[in-house]
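Notes for the one structure printed next.
When reading the values below, keep in mind they use all heavy atoms of this one structure, side chains included, and skip hydrogens, waters and symmetry mates. Just so we're on the same page: letters track the sequence lines, and every chain starts at 1.
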Amino acid sequence: MSQQYSGSRSEREEDVPAPEPAPTAGSAQAHTADLDSLLDEIDSVLETNAEEFVKGFVQKGGQ
Amino acid sequence: MDRRIYGVETEFGVHYSHPGARPLTPEEVARYLFRPVVEWGRSSNVFVSNGSRLYLDVGSHPEYATAECSTLDELVAVDKAGEVMMQQLIDQATGRMAADGFTGSIYLYKNNADSAGNSYGSHENYLLNRRTEFRRLSEALIPFLITRQLFTGAGKVVAPRAGDAEPGTLERDRPAGAHFAFSQRADHVMEGVSSATTRSRPIINTRDEPHADAAEYRRLHVIVGDSNMSETTQLVRFGATDLMLRMIEAGTPLGDHQLENPILAIRQVSHDLTGTAELSLRSGQRRSALQLQRHYLEQATAFVQRHGAHHDRLDAVLDLWGRALDAVERQDAAGIDTEIDWAIKQRFLTRYAERHGLDWDSPRLAQLDLSYHDITPGRGLFTLLQSRGAAARFLDDDTVQRAVDTPPATTRAAMRGRFIQAARAAGQPYAVDWTHLKLTDRPLLAVTTKDPFQTSSDRLEDLLRCLPSPDSAPGEEAEDGAASSVHPV
């Protein structure tokens with residue numbers, strides 16, 4: 001199940017759009033277009049085997 | 001207290017991933033990460049030139065404790081500067097590890113739980129006046145701390161429960177299936193008020209180490225919070241908690257909302273995104289998280305009207321606090337989904353899940369949850385959201401970058417940072433902690449600063465005059481190139 005999304009990036013644009021200035025606090029603008037492009041691109045950033053990746057993160061407890 | 005000293009300590013999760021290769025333990029990776037620190041300060045527990053403390057904690061967690069701050073802007077900037085330092089340690093360790101044949105990726109997570117149920121913290125420190133009775137303070141504060149996750153939670157993809165919950169256990173009110181919850185930390189809190197940290201994980205830790213004049217001050221150590229990625233979430237978290245403390249210190253009656261079972265209540269709140277789950281009070285009444293938070297916000301707003309604003313971010317704090325409660329009440333997070341961590345995370349994960357037809361039990365969503373807390377710019381989900389404008393901020397990169405090398409100007413951290421930088425530039429061995437500055441060769445001239453608001457002292461000037469000018473510094477740095485640097489990374 002964890003493998004099914006890797007490679008699902010056919011719609012992704014080749015160029016990563018330049019970052020836009022972040023909104024100031026209080027302005028709750030919805031940057032829908034930016035979220036869409038990130039939804040397209042995020043799979044290329046994540047390692048492919050999600051389940052193994054998550055299970056591989058084991059730490060001891062802290063204070 | 002009109003001006004308050006704040007600090008926050010962050011434990012980072014360490015993850016090394018190299019599919020198909022021998023895994024490295026967090027201990028091994030942490031040793032690589034801290035090698036430049038040890039070379040710089042001959043210890044894995046050092047104060048750095050912005051006055052903050054960088055160290056390797058129990059469980060091989062890289063930890064960063066901010067210098068003393070007295071404004072929310074300072075606090076958030078110095079905290080974010082810690083992420084910059086950690087990234088520099090990652091970059092150096094990645095190079096050294098590659099040279100040793102370990103070519104995987106290091107991830108540092110500013111979160112509060114690993115995949116095996118271990119938890120680590122984000123510990124807030126607030127300086128209190130010793131006159132305020134601690135028991136009264138903690139009784140009044142704990143119901144606030146339990147319910148503030150509505151606007152401070154970092155959000156968590158919760159795995160489905162394994163097996164049936166025993167009747168009467170803390171699991172009984174938690175949904176059995178995978179779901180999204182407000183808090184990372186809530187499920188790991190085991191006690192209300194205690195002197196322990198690792199063993200029982202209380203909400204407030206009673207260890208009384210003020211690092212200041214103990215006759216006048218006490219340090220409140222709140223260890224129930226989630227680690228926040230969002231600057232605006234941090235602003236409202238620290239700002240609202242400070243307002244609660246101001247009201248308690250001023251003797252403002254906040255009502256008796258002591259919870260019958262704080263540890264059950266904190267879980268009920270985390271797993272109920274509607275904010276309406278009824279919590280049992282010791283008085284026999286029942287209140288929801290939303291009702292309690294509405295009450296505190298009303299009280300705080302009235303308090304500020306009576307006493308005036310004590311800092312210039314107060315309007316922003318009250319505004320975001322109120323909008324977050326509105327969002328939960330209306331079950332529409334659109335008004336806060338660039339500003340409050342859980343809502344920023346939930347928005348992206350929900351959109352991703354819809355696009356790919358996933359449920360909350362998908363490992364990919366658990367991975368995205370981790371990725372949100374990955375501090376590496378351009379890879380971590382929060383950093384990507386922020387750079388696209390999908391996460392708001394009130395500071396900028398320059399401010400955070402300055403805070404890496406510059407201590408807060410309004411507290412004694414200014415003296416510490418200046419001393420460390422001067423001693424290193426002169427190549428002189430020194431020792432510092434929260435209250436002391438000492439040149440190893442001049443122990444009688446050590447400077448002790450019990451007042452955390454003090455920013456200069458004649459004794460410090462005397463001590464600095466003992467330093468040789470950097471040009472004529474002795475040859476120590478010749479054998480240890482890092483010694484002259486003002487920064488370990």
Among B:Asp369, B:Asp361, B:Leu368, which residue meets the side chain to side chain contact (heavy atoms under 4.5 Å, CB included) test with B:Leu365?
B:Leu368

So for B:Leu370, is it side chain, backbone, both, or neither that comes closer than 4.5 Å to the heavy atoms of chain A?
side chain

Contacting region of B:Thr25 [heavy-atom separation from chain A under 4.5 Å]:
neither

Go through the atoms of B:Tyr16 and report whether side chain, backbone, both or neither lie under 4.5 Å from a heavy atom of chain A.
neither

Proximal component of B:Glu27, with respect to chain A [non-hydrogen, under 4.5 Å]:
side chain

Measure B:Ser17 against the heavy atoms of chain A and call it side chain, backbone, both or neither at under 4.5 Å.
both

For B:Glu9 and B:Asn125, which I'm curious about, is there any donor-acceptor pair between the side chains at under 3.5 Å?
yes

Greatest number of heavy atom pairs closer than 4.5 Å to chain A - which of B:Ala116, B:Pro26, B:Gly117
B:Pro26

Which atoms of B:Asp397 are under 4.5 Å from chain A, going by heavy atoms: the side chain, the backbone, both sets, or neither?
neither

B:Arg393 and B:Thr338: side-chain donor and acceptor closer than 3.5 Å?
no

Any side-chain heavy atom of B:Phe382 within less than 4.5 Å of one from B:Asp341?
yes

Strictly under 6.0 Å, is that where the ring centroids of B:His188 and B:Tyr120 end up?
no

Tell me whether the centres of the aromatic rings in B:His373 and B:Tyr109 are closer together than 6.0 Å.
no

